[in-house]
2 protein chains.
Amino acid sequence: MAPTIKQIAKLANVSIATVSRALSGDEKVTSETKQLVLNAASELNYRPNILARNFVKGKSNIVGLILPDISDEFFSEIIRGVDETSYDHGYYTMVISSHKNRSLVESVHTLMSNGLVGGFIILIPFMDQKIEAALMHEGVPFVIISGDNNAGEFDTVTTNNYQSAFKMVEFLVNKGYKKIAHISGPADNNDALLRKKGFLDACSKHKIEIKNNWLLDGNFTMESGELAINKILNEDDKPEVIFAANDMMALGCYNAIQSRGLKIPDDIAITGFDDILISKYANPSLTTVKVNTDRIGKLAAERLIEKMDGTNNKTAQKIEIESELVIRNSC
Amino acid sequence: MAPTIKQIAKLANVSIATVSRALSGDEKVTSETKQLVLNAASELNYRPNILARNFVKGKSNIVGLILPDISDEFFSEIIRGVDETSYDHGYYTMVISSHKNRSLVESVHTLMSNGLVGGFIILIPFMDQKIEAALMHEGVPFVIISGDNNAGEFDTVTTNNYQSAFKMVEFLVNKGYKKIAHISGPADNNDALLRKKGFLDACSKHKIEIKNNWLLDGNFTMESGELAINKILNEDDKPEVIFAANDMMALGCYNAIQSRGLKIPDDIAITGFDDILISKYANPSLTTVKVNTDRIGKLAAERLIEKMDGTNNKTAQKIEIESELVIRNSC
DNA sequence: ATCACCGATGTAAACGTTTACACGATAACT
DNA sequence: AGTTATCGTGTAAACGTTTACATCGGTGAT
């Protein structure tokens with residue numbers, strides 16, 4: 001049977017209230033009694049019952065983390081970032097991924113009302129009506145990790161997709177490239193949309209002509225990248241460089257190009273976005289944008305904990321994580 | 001304020017005990033009263049306070065998942081598998097990854113005694129004394145995901161590293177390869193050790209000579225694979241095929257080989273282990289062993305929940321997950 | 001010397017739920 | 001008809017912790 005404050009009280013010859021106060025660092029207890037209690041506690045190897053504590057306090061020190069129904073490297077870094085930060089603040093992390101038996105909206109409803117978590121972080125690739133409605137319930141603080149920070153009056157953490165895509169294009173232009181194609185991500189993904197927008201705006205700023213058939217549609221998978229690039233490799237007028245909206249599609253381009261016996265970057269250059277693990281080791285190594293995934297999780301957790309602690313309940317904050325160009329050998 | 005059974009009781013004109021019973025499906029309540037309660041509950045949009053429930057029941061429906069301090073694709077699939085299964089059984093999943101501020105052992109101690117989780121799953125690459133001692137505390141049911149199922153009298157879920165490595169070698173022998181090298185993983189990793197053992201035993205069974213300098217040491221990273229293979233590419237007597245203990249090292253070999261202008265598999269063939277995402281898309285696609293990661297998480301969770309429910313408390317089970325050869329173009 | 005105040009500690013209520021036990025009513029025996 | 005199960009429901013205690021309030025002894029001001 002796990003020791004309780006009652007047993008400590010008996011052992012230390014004080015009341016349970018004093019024990020509770022001593023353990024929680026109330027300054028109203030003498031340092032003697034405090035020492036007494038602490039000794040008794042460590043003698044019994046006491047650990048506070050978190051369930052009881054959360055219950056009586058009417059709030060929970062558990063951070064919920066709601067993930068969409070795909071699993072990749074990206075998520076495990078987010079999880080790690082959140083968990084590390086939460087732990088450092090005395091919180092725990094509960095992961096709720098949606099899957100065939102559970103939608104994001106369901107997860108939100110559950111977490112909002114069963115008292116299990118004191119707040120949550122939710123990853124939303126694209127904000128839709130249902131989710132927004134579910135979030136409006138309020139009651140439990142939350143932070144959104146999203147591609148887009150225009151998500152209503154919510155606290156959000158985003159990457160600077162637009163600016164980074166913009167910078168990537170400017171980098172390419174400075175290198176002398178004039179004929180640039182873009183493979184975009186899914187139409188219902190805000191990261192993808194913003195990257196495309198950054199691409200387009202940078203092109204028009206620098207008077208780069210955008211041919212319609214050089215704006216290719218992809219869906220962030222390797223296959224879709226391969227498919228997309230194959231459409232233009234057959235044509236006479238080829239772009240000099242292809243900027244894929246993520247690394248997976250860029251690597252798909254590698255396949256298509258290399259299986260035709262063409263050379264990267266001599267025949268055609270490639271750049272990506274995300275800097276996934278493999279990009280560094282691809283041949284040639286891929287020029288891309290490094291998204292600071294760990295910082296995303298970290299900052300989302302920090303902001304959430306501010307809200308849960310009541311430290312900082314001011315109006316919604318829009319946090320944007322800087323990301324950096326990683327220049328390698330693919331262009 | 002979230003509705004409680006008290007309010008339901010008032011609304012339905014019954015006692016809170018009846019409400020509790022009706023909601024928990026006790027057969028001792030009339031279907032009329034049950035209906036009454038259910039109506040009131042849905043009218044108030046009632047959700048049971050999980051914290052209170054767990055607290056009073058003295059047990060938790062939270063599954064702890066303790067991960068080592070690295071993050072990759074593998075883990076997010078495990079997390080997903082565990083979460084999905086847990087959810088289907090009415091449990092929640094809490095992730096505790098160890099990192100600079102928290103060791104595996106600490107995690108175990110915490111989860112064992114603070115009542116937060118009702119059981120946990122722990123990933124252990126290599127069982128050491130400290131961890132074993134921590135686990136011996138008992139009190140909270142747990143399941144180990146490990147490379148090796150010889151981990152004492154514990155419930156474990158493992159992949160059949162040994163057999164799969166064995167099969168891989170037999171496959172290579174059948175293809176006519178006679179000169180086979182192996183790059184092994186870290187010496188303190190049971191998966192790695194068992195794969196190496198499988199390799200060695202299969203070689204001796206099939207009378208494949210094992211040259212000492214063809215037994216290379218790696219540490220599961222791409223760099224280590226590259227480093228290892230470079231040691232033998234300079235020699236006159238080269239192996240025909242290299243069996244790396246994981247895909248990352250196999251891909252490291254790709255780099256080394258291709259940067260020397262050699263061709264895979266014509267000049268030298270490569271095989272790996274794990275079947276990570278990228279292996280399918282590597283050029284040439286990598287022959288490897290597919291580890292059923294999702295099943296690992298799923299079965300670990302199922303076994304744990306059996307124990308938590310008290311359904312099946314019989315002696316420790318050793319579950320071994322089958323994995324399969326994935327034959328592609330690298331050999 | 002009296003009073004007010006303060007600081008340290010104790011007492012007891014509260015949180016939402018489950019559940020052992022009590023209770024009354026009805027059904028099923030003799 | 002009287003006894004006894006049985007069934008549905010209610011009463012109240014219990015879980016471990018926090019915390020508002022009470023208590024008590026001591027200190028300083030008058």
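Order of the sequence lines sets the chain letters (A, B, ...), proteins ahead of strands, with each chain counted from 1. As a basis for the values below, the full set of heavy atoms in this structure was taken, side chains included, without hydrogen atoms, waters or symmetry mates. Note that the structure is a prediction, hence the values are computed from the model and not measured.
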Participant: Would you check if the distance from the ring center of A:Tyr87 to the ring center of A:Tyr92 is below 6.0 Å?
Facilitator: no
Participant: Nearest whole Å is fine: how far is D:dG8 P from B:Gln35 CD?
Facilitator: 16 Å
Participant: Do the side-chain N or O atoms of B:Arg21 get closer than 4.0 angstrom to the phosphate oxygens (OP1, OP2) of D:dG8?
Facilitator: no
Participant: Can a side chain N or O of A:Arg53 be found less than 4.0 Å away from OP1 or OP2 on D:dT18?
Facilitator: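 So the side-chain polar atoms of A:Arg53 do come within 4.0 Å of the phosphate oxygens OP1 or OP2 of D:dT18, strictly under.
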Participant: Can you tell if the side chain of B:Ile96 reaches within under 4.5 Å of the side chain of B:Arg102, non-hydrogen atoms only?
Facilitator: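 Yes, close enough: below the 4.5 Å cut-off.
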Participant: Is any side-chain N of the basic residue among B:Asp294 and B:Arg80 closer than 4.0 Å to the acidic one's carboxylate O?
Facilitator: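 Salt bridge between B:Asp294 and B:Arg80, a charged N being under 4.0 Å from a carboxylate O: no.
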Participant: Start at the 5' end of DNA chain D and walk down; is the nucleotide closest to A:Thr18 or to B:Val14 reached first?
Facilitator: B:Val14
Participant: Is there a side-chain contact between A:Thr4 and the phosphate of D:dG16, meaning an N or O under 4.0 Å from OP1 or OP2?
Facilitator: no
Participant: Between P on D:dC15 and NZ on B:Lys57, what's the gap in Å once rounded to a whole number?
Facilitator: 17 Å
Participant: Can you measure A:Lys34 atom NZ to C:dG7 atom C1' for me and round it to whole angstrom units?
Facilitator: 16 Å
Participant: Please report, rounded to the nearest Å, how far the P atom of D:dT18 is from the CG atom of B:Leu51.
Facilitator: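 In whole Å, D:dT18 P and B:Leu51 CG are 13 Å from each other.
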Participant: Distances for protein N/O vs nucleotides 24-28 of chain D N/O pairs under 3.5 angstrom?
Facilitator:
none

Participant: Please give, in whole Å, the distance from D:dT11 P to B:Ile16 CD1?
Facilitator: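 Going from B:Ile16 (CD1) to D:dT11 (P), I get 9 Å.
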Participant: Nearest to the side chain of A:Ala17, which nucleotide is it out of D:dG16, C:dG10, D:dG10?
Facilitator: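 The answer is C:dG10.
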Participant: If you check every side-chain atom of A:Val56, which of D:dT9, D:dT19, C:dA14 has the closest atom?
Facilitator: C:dA14
Participant: Have a look at A:Thr33 and say if it touches a base, only the backbone sugar-phosphate, or nothing, with a 4.0 Å heavy-atom cut-off.
Facilitator: sugar-phosphate
Participant: So do the side chains of A:Val19 and A:Val14 get within less than 4.5 Å of each other, counting heavy atoms only?
Facilitator: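 Counting from C-beta outward, A:Val19 and A:Val14 do come under 4.5 Å.
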Participant: Just how far, in rounded Å, is P of D:dT19 from CG of A:Leu23?
Facilitator: 13 Å
Participant: Please report the distance, rounded to the nearest Å, between CG in A:Asp26 and P in D:dA20.
Facilitator: 11 Å
Participant: Would you kindly give the NZ-to-P distance between B:Lys28 and D:dT9, to the nearest whole Å?
Facilitator: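 Between P of D:dT9 and NZ of B:Lys28: 11 Å.
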Participant: Are any side-chain N or O atoms of A:Asn292 and backbone N or O atoms of A:Arg295, one a donor and one an acceptor, separated by less than 3.5 Å?
Facilitator: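 Not confirmed, A:Asn292 side chain does not pair with A:Arg295 backbone.
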Participant: Out of A:Asp83, A:Thr85, A:Asn61, A:Asp309, which residue meets the side-chain hydrogen bond (donor to acceptor under 3.5 Å, both in side chains) rule with A:Tyr91?
Facilitator: A:Asp309
Participant: Checking side-chain polar atoms at under 3.5 Å, does B:Asn190 have a donor or acceptor matched by the opposite partner on B:Ser146?
Facilitator: no
Participant: Quick one: label B:Ser20 by what it contacts on the DNA or RNA (base, sugar-phosphate, nothing), any heavy atom closer than 4.0 Å.
Facilitator: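 It contacts base atoms.
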Participant: Can B:Phe55 be said to stack with the base of D:dC15, given centres closer than 5.5 angstrom and planes under 30 degrees apart?
Facilitator: yes
